[in-house]
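First up is the structure itself, then whatever we jot down about it.
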Amino acid sequence: MRIDVVSIFPDYLAPLSLSLVGKARTAGILDVQVHDLRSWATDRHHTVDDTPAGGGAGMVMRPDVWGAALDDVLTPDAHLLIPTPSGTTFTQRTAETLATEQHLVLACGRYEGIDARVAEHYRASGTRVSEISIGDYVLGGGEAAALVVVEAVTRLLPGVVGNPHSLVEESHGVAGLLEYPVYTKPPAWSGLDVPEVLTSGHHRKIERWRRDQALTRTAARRPDLLAALDVAALDKRDLAQLSELGWVVVGGALRPVAE
Ligand code: ADE
């Protein structure tokens with residue numbers, strides 16, 4: 001996969017040389033190129049922004065500078081991603097879809113964002129354009145969001161994560177549940193023991209305990225995920241555990257009893 005990132009703070013993307021993403025690049029699985037938007041600015045001061053049309057606070061990024069940059073960086077099969085708090089929510093499903101692409105281009109805006117004509121123009125010219133938000137909070141710019149997107153996508157590329165099974169059980173994996181708690185050695189630490197079942201060697205019991213823990217955590221922390229769960233994927237033991245947690249199937253969906 002090829003990923004281009006365009007930003008006025010190229011140094012912000014330095015972590016893309018580290019850890020999992022850095023290894024994927026060294027292994028030749030991923031080709032990442034970071035570009036300085038200002039190198040496409042044509043005036044003496046390398047201006048990339050101007051005052052908002054219609055007035056108001058802050059500055060808006062100029063479409064002509066972005067257009068020059070994106071004309072150079074986009075390829076016919078590229079998917080243009082624009083991180084913005086007003087985008088559709090980036091989820092594990094989005095990461096899975098993007099991991100099948102050949103070429104992603106991330107356009108990192110700053111200030112009040114990028115002139116809306118940029119997304120409109122590239123959409124009209126046949127480029128796939130997605131404006132994406134990594135969560136309901138406002139960052140200073142798209143760079144931190146770009147780091148999030150690149151890392152979430154890269155770990156799904158074939159050959160990057162050693163054991164692909166860990167991609168199934170983890171939080172927001174296909175099970176639709178949060179992951180169960182994990183433990184390692186030493187067996188006793190600070191007066192706290194690793195749960196006995198995990199050292200029993202009884203694989204079926206361990207699997208059941210982990211599933212119950214995942215259901216318990218999800219009920220406590222993310223009830224919205226339980227409500228969206230496909231009940232056909234639940235077995236009798238799941239339903240028993242859920243009923244202990246106060247969740248029952250009503251009209252084909254899980255609902256809290258107290259509601
Ligand atoms: N830029 C500023 N805030 C953002 C967010 N929440 N997601 C993506 N890009 C952003």
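Computed from heavy atoms alone, side chains included, the values below leave out hydrogens, waters and symmetry copies.
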Measuring only between side-chain heavy atoms, which start at C-beta, is [X] closer than 4.5 Å to [Y]?
| X | Y | answer |
| --- | --- | --- |
| F90 | P83 | no |
| V34 | Y12 | no |
| L147 | L13 | yes |
| D4 | H103 | yes |
| Q241 | T216 | yes |
| I132 | T88 | yes |
| L226 | L242 | yes |
| R211 | R208 | yes |

Is [Y] reachable from [X] through a run of I, L, V, M, F, W or Y residues, each pair having side-chain heavy atoms under 4.5 Å apart?
| X | Y | answer |
| --- | --- | --- |
| V182 | V197 | no |
| V148 | V105 | yes |
| I114 | V60 | no |
| L98 | L20 | yes |
| L74 | V153 | yes |

Which heavy atom in [X] sits nearest to a heavy atom in [Y], and how many Å separate them?
| X | Y | value |
| --- | --- | --- |
| A69 | V6 | CB-CG1, 4.3 Å |
| V5 | C108 | CG1-SG, 3.8 Å |
| Y137 | P85 | O-CB, 4.1 Å |
| L139 | A144 | CD1-CB, 4.3 Å |

State the [atom1]-[atom2] distance between [X] and [Y], to the nearest 0.5 angstrom.
| X | Y | atom1 | atom2 | answer |
| --- | --- | --- | --- | --- |
| L177 | L229 | CG | CG | 5.5 Å |
| L70 | I82 | CG | CD1 | 7.5 Å |
| K23 | L18 | NZ | CG | 10.5 Å |
| L225 | T218 | CG | OG1 | 6.5 Å |
| I29 | M1 | CD1 | CE | 11.5 Å |
| M61 | R110 | CE | CZ | 8.5 Å |

Go through T51 and M59 one step at a time and tell me if the side-chain contact (heavy atoms from CB on, under 4.5 Å) criterion holds. CA-CA 5 Å; T51 53; M59 298 291 269; 4.0 Å; yes

Could you give me the CA-CA distance, side-chain angles and deciding distance for R123 and E131, then say whether salt bridge (Lys or Arg N to Asp or Glu O under 4.0 Å) is met? CA-CA 11 Å; R123 249 181 220 123; E131 292 167 88; 3.1 Å; yes

Return yes if some donor-acceptor pair links the side-chain N/O of [X] with the main-chain N/O of [Y] below 3.5 Å, else return no.
| X | Y | answer |
| --- | --- | --- |
| S133 | G135 | yes |
| S7 | F9 | yes |
| R25 | L16 | yes |
| T127 | V129 | no |
| S17 | G22 | no |
| Y180 | L215 | no |

Can a salt bridge be assigned to the pair [X] and [Y] using a cut-off of 4.0 Å between side-chain N and carboxylate O?
| X | Y | result |
| --- | --- | --- |
| R217 | D212 | no |
| D36 | R38 | no |
| E96 | R93 | yes |

Any chance [atom1] of [X] has more than 12 other-residue heavy atoms, nucleotides or ligands included, within less than 6.0 Å?
| X | atom1 | value |
| --- | --- | --- |
| D224 | CG | yes |
| Q213 | CD | yes |
| Q33 | CD | yes |
| R117 | CZ | no |

Do [X] and [Y] have side-chain atoms, one donor and one acceptor, less than 3.5 Å apart?
| X | Y | value |
| --- | --- | --- |
| T89 | T91 | no |
| S130 | H79 | yes |
| T97 | T94 | no |

Show, in sequence, the C-alpha distance, side-chain angles and deciding distance for D77 and E101, and conclude whether the side-chain contact (heavy atoms from CB on, under 4.5 Å) test is met. CA-CA 8 Å; D77 58 0; E101 300 267 8; over 6 Å; no

Applying side-chain contact (heavy atoms from CB on, under 4.5 Å), run through W66 and D115 and close with a yes or a no. CA-CA 9 Å; W66 271 108; D115 186 301; over 6 Å; no

Please determine whether salt bridge (Lys or Arg N to Asp or Glu O under 4.0 Å) holds for the pair R237 and D235, giving the CA-CA distance in whole Å, both sets of side-chain angles, and the decisive distance to 0.1 Å. CA-CA 6 Å; R237 304 281 304 269; D235 66 18; over 6 Å; no

